[in-house]
Protein chains: 2
Amino acid sequence: MTVTLADVAARARVSPATVSRVLNGNYPVAASTRERVLRAVDELDYVLNGPASALAAATSDLVGILVNDIADPFFGIMAGAAQTEIGGGDGPRTAAGAPGSADPVRGQGGRSGRAGGEKLAVVCNTGGSPERELTYLTLLQRQRAAAVLITGGALEDPEHIAAMTAKLARLAQAGTRVVLCGRPPLPDGLPAAENDPILAALTFDNRGGARRLTDHLLALGHRRIGYVAGPTGRTTTRHRLEGHRRALAAAGIASGQDRLTVHGPYTRASGYAATLELLRREPLLTAVVAANDTVALGVCAALREQGLRIPDDVSVAGFDDLPFALDVGPALTTVRLPLVEAGARAGRIALGREPAPDGGIATMGATVLPRASTAPPRG
Amino acid sequence: MTVTLADVAARARVSPATVSRVLNGNYPVAASTRERVLRAVDELDYVLNGPASALAAATSDLVGILVNDIADPFFGIMAGAAQTEIGGGDGPRTAAGAPGSADPVRGQGGRSGRAGGEKLAVVCNTGGSPERELTYLTLLQRQRAAAVLITGGALEDPEHIAAMTAKLARLAQAGTRVVLCGRPPLPDGLPAAENDPILAALTFDNRGGARRLTDHLLALGHRRIGYVAGPTGRTTTRHRLEGHRRALAAAGIASGQDRLTVHGPYTRASGYAATLELLRREPLLTAVVAANDTVALGVCAALREQGLRIPDDVSVAGFDDLPFALDVGPALTTVRLPLVEAGARAGRIALGREPAPDGGIATMGATVLPRASTAPPRG
DNA sequence: CTGTTAGCGCTTTCAG
DNA sequence: CTGAAAGCGCTAACAG
């Protein structure tokens, strides 16, 4: 029924091994032979059997990208950049193996969708659930994935960290390359040991960005600043909140901050509800900082609904600089993260096309972008 | 090095066949035997070898979800819904096979990330490129994917349609279940034949939604309406534009419409540029309809930058009702599409948990949501 | 440069 | 209900 490598070999009058070599391009093969094989492949419309190949070679071309929320552009942008770098066929291609030589993958007549040395980059949506995170890792382990790229903040629950550490160790041990993107290395701050299962951890300067963002607000003259934090127990949430608190502390506004902080998921609805709550606790608020842009959307909506103008009555700031940040009521002051750059770099490291950073950890800058949603407080 | 099924069998003092049967839960096994096997699995921390399993069984548990742009929430939302339904381990689980019986997949101590009969739902980002679409399909074919879910509008290029038809036929023939979500069946309007490779096509009523949206604008009194269309040659673009044109035609405003239509990608930047162009062509425009919400963002930005107020000077409408539509300057009038419902349903059909609709095609409604960005024209 | 020979780890008849 | 045996389709030494 389905065409196998042996069929191709028979038609090209060579051995199966030769066909395999042509297809993988990792071994010298005479040009004329290659031609014949390629023609047979085309004529038979042969497609490699991935599982069989993976079984024999003890590795597959699957690369998993884990994201916390696929509907959130924050992850979509990173994942897209990584995926462009890894799979799909329009990134820069390294001619595998042999000296000069034609690419083993060529469509007949310019079109066609045959895939050769391609990696299959796929994104897996954990929904922020630790169980699903582990499940996906197991599924990927089971597929003998070539690499795994884990994006976004991590859960700080010790039990989950232990489970993740164990799981990643097994993955690494089985040859899967693990790269973290936008997430600190497992035991927060651990130096990359020789046997570290994690190849590289690309982290964002969430703390610094948050700190500078609140500094910006303070410089404008704000003193009563509400903070809508992300869900508790996540690294991103904690780092951003810490940056915020440090800025306040440096300005001598340390007391009573818990009262001005409300936690919630990274959603618009959370920002909305939290703002109402903050306003109840402190009606004289002059600014609200949101854990990210999506949350800021909800903050703005709640403020407007209360008849408060932005930034005249209350200033608002977000984080991430998602595309829509420019279009919210007044353009949103926020912190830009190099999402595309991080995703692409993580993808390249996962593929071994770029060396891991020194020490395995690289922190990528965060830039405050002052826009129309922040201004000096009234009066 | 890595634990194999044989190791588990040895430890449980049964044959490999028995272990396989326990793990797959598709065959009667004595409870006591099962217990022993499961214990051995836990103790050895065994993880099934996916490729080997897929090779032997001639099918894998991979389910591919193709999207045109992973950074666009339109796709993220659909893909997320589908993925929740398919993989990840928190959806409803059907106890496979055997009478009553314990689930072969159980975490020890409540956590753990072992995966059993799970499917691995993964999303593949084509970036709207026909080559990548075909490439991913080949990659999925090569993995012997259990199902493929293709979301979003299709390219209308005859050559690409032919290539897709051929590719999907091969996939179906190899046992992969193909479901379209938010995309019309291949040869537009073809009745589902018995041998149709496509199990089901869930389409959105883009034409109807667009028609009603423009009717809304006409009812408000607008007559000079600009339209920022999506990229040419895509079903979604064409259907929405047709709906718009029909509404105009029904109102007797048929002439000169080409002049008031500008095409571009589904991006904010495109909306921005197109609006400037439309304004140049017709300074007296009273409304602009965008191909989708993201484009509408750019439209609003351009309008504001020209000193035009929304909706006082110019009304703006989008399409899709993405979450941020509520937060743009004045809340955006748009058309709601049942993204979550469609994604989830497509996922279920792909898994065979829900029957395909009659005739293989189901059209899902589109609802106009009038909001603050549209109002009667000035004067 | 090319052919031969063994498996990779699992599923699945076919017999008990 | 359980075991034995025969591959699934490909890759990877090893010889030529």
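A note on names: the letters A, B, ... follow the listed sequences, proteins ahead of strands, and every chain is numbered from 1.
At the heavy-atom level, B:Val14 lies under 4.0 Å from the strands shown only through sugar-phosphate atoms. Within the 4.0 angstrom heavy-atom criterion, no nucleotide atom of any strand lies near B:Ala58.
Side chains of A:Thr135 and A:Thr138: a donor-acceptor N/O pair is absent below 3.5 angstrom, by distance only. A donor atom on one side chain and an acceptor atom on the other are found under 3.5 Å apart for A:Ser20 and A:Asn24.
The nearest pair of heavy atoms linking B:Pro16 to B:Leu5 is O-CD2, 3.2 Å.
Rounded to an integer number of Å, the gap from CZ of A:Arg144 to C1' of D:dC10 is 16 Å. The distance from atom CZ of A:Arg36 to atom P of C:dT2 is 8 Å, rounded to the nearest whole Å. D:dC10 atom P lies 9 Å from atom CG of A:Leu23, rounded to whole Å. The CG atom of A:Asn24 sits 13 Å away from the C1' atom of D:dG9 (whole-angstrom rounding). Atoms CG (B:Leu48) and P (C:dG9) sit 12 Å apart, rounded to a whole Å. The distance between atom CG of A:Leu5 and atom P of D:dT11, rounded to the nearest whole Å, is 6 Å. Look at CZ on B:Arg13: it is 22 Å from P on D:dC1, rounded to the nearest Å.
In the set C:dT11, D:dC14, D:dC10, D:dC14 carries the atom at the smallest distance from any side-chain atom of A:Arg21. Of the candidates C:dC1, D:dG9, C:dT2, D:dG9 carries the atom nearest the A:Thr4 side chain, counting heavy atoms from C-beta on.
The side chain of B:Ser20 places an N or O atom within less than 4.0 Å of a non-bridging phosphate oxygen (OP1 or OP2) of C:dT11. The phosphate of D:dG3 (OP1 or OP2) has a side-chain N or O of B:Thr18 nearer than 4.0 angstrom.
A salt bridge is absent between A:Glu133 and A:Lys167; no separation between the charged side-chain nitrogens and carboxylate oxygens falls under 4.0 Å.
Both A:Ala6 and B:Pro16 lie close to DNA chain D; mapped to their nearest nucleotides by heavy-atom distance, the more 5′-ward contact belongs to B:Pro16. Toward the 5′ end of DNA chain C lies the nearest nucleotide of A:Ser15, the other residue of the pair A:Ser15 and B:Asn49 mapping further downstream. If you find the closest nucleotide of DNA chain D to B:Leu55 and to B:Ala30, the one lying nearer the 5' end belongs to B:Ala30.
Atoms CG and CZ, on B:Asn68 and B:Arg132 in that order, are 11.0 Å from each other to the nearest 0.5 Å.
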